[in-house]
Amino acid sequence: MYKKVKVVPCSGIGKVFGLMAREAVLKTVIELCPDKSETVCLAYIVTGDKAVKEKIEGYDCITVDGCPKMCAAKNVTLIGGVVVEEVNVLDTVKEHKGKKFGSPTQLSDDGEVVINEIAGKIARKINEIN
Ligand code: SF4
């Protein structure tokens, strides 16, 4: 049985906001809430195979997307996940106007600040529900 909250980032390759989504999720599941959360690869979810469906369907999920397309939120919902929070990196980025967050492959110090903030928000939600 998988009872941990599934925290799923989009795959936003080639954009710093996609990197920020993935880094915020890793910070959450590895450092902040390792006993209460885990991540699942979005590409695996998109394939919709039986094993991943069993892991997601009916379970609490938090999605973290890097742009308004909301690929993680849409695909986790499609496979039957219960999306309890749809995080969009841009919502937190907006609060840090004028900062440079890094490149698609490397976060700057300001980028690290923002992903820590996002990870903190995700962790608070996980602790509320689990
Ligand atoms: S949400 Fe945006 S950045 Fe993320 S995978 Fe989809 S199109 Fe790419």
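Atoms within a ligand are numbered from 1 in the order they appear, just like the ligands themselves.
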Gap between atom CD of Glu54 and atom CD1 of Ile79 - 0.5 Å precision:
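Spacing of CD1 (Ile79) from CD (Glu54) equals 10.5 Å.
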If you round to the nearest 0.5 Å, how far is CD1 of Ile30 from CG of Leu26?
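Separation between the atoms: 4.5 Å.
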Taking all atoms of both residues into account, what is the closest heavy-atom pair of His96 and Val113, and its distance?
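The pair with the smallest heavy-atom distance is CE1-CG1, 4.3 Å.
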Pull out every atom of ligand 1 sitting under 4.0 Å from any heavy atom of [X], numbered as shown with elements.
| X | result |
| --- | --- |
| Met70 | 1 (S) |
| Asp65 | 1 (S) |
| Ser11 | 5 (S) |

Any idea which protein heavy atom is nearest [atom], and the distance to it?
| atom | answer |
| --- | --- |
| atom 4 (Fe) of ligand 1 | Cys10 SG, 2.3 Å |
| atom 5 (S) of ligand 1 | Gly12 N, 3.4 Å |
| atom 2 (Fe) of ligand 1 | Cys67 SG, 2.3 Å |

With no hydrogens and no angle check, is any side-chain donor or acceptor of Lys74 less than 3.5 Å from a backbone partner on Lys69?
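The answer is yes, because a donor-acceptor pair under 3.5 Å joins these two groups.
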Atom 6 (Fe) of ligand 1 to nearest N/O/S of Cys71 less than 2.8 Å
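Given the 2.8 Å cut-off, Cys71 counts as a ligand of atom 6 (Fe) of ligand 1.
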Gly18 heavy atom under 4.0 Å from ligand 1:
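Gly18: no contact with ligand 1 (<4.0 Å).
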Pairwise side-chain contact, Met20 with Val114, heavy-atom cut-off 4.5 Å (strictly under):
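In contact.
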Is there side-chain contact between Ile115 and Phe101, with heavy atoms separated by less than 4.5 Å?
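Counting from C-beta outward, Ile115 and Phe101 never come under 4.5 Å.
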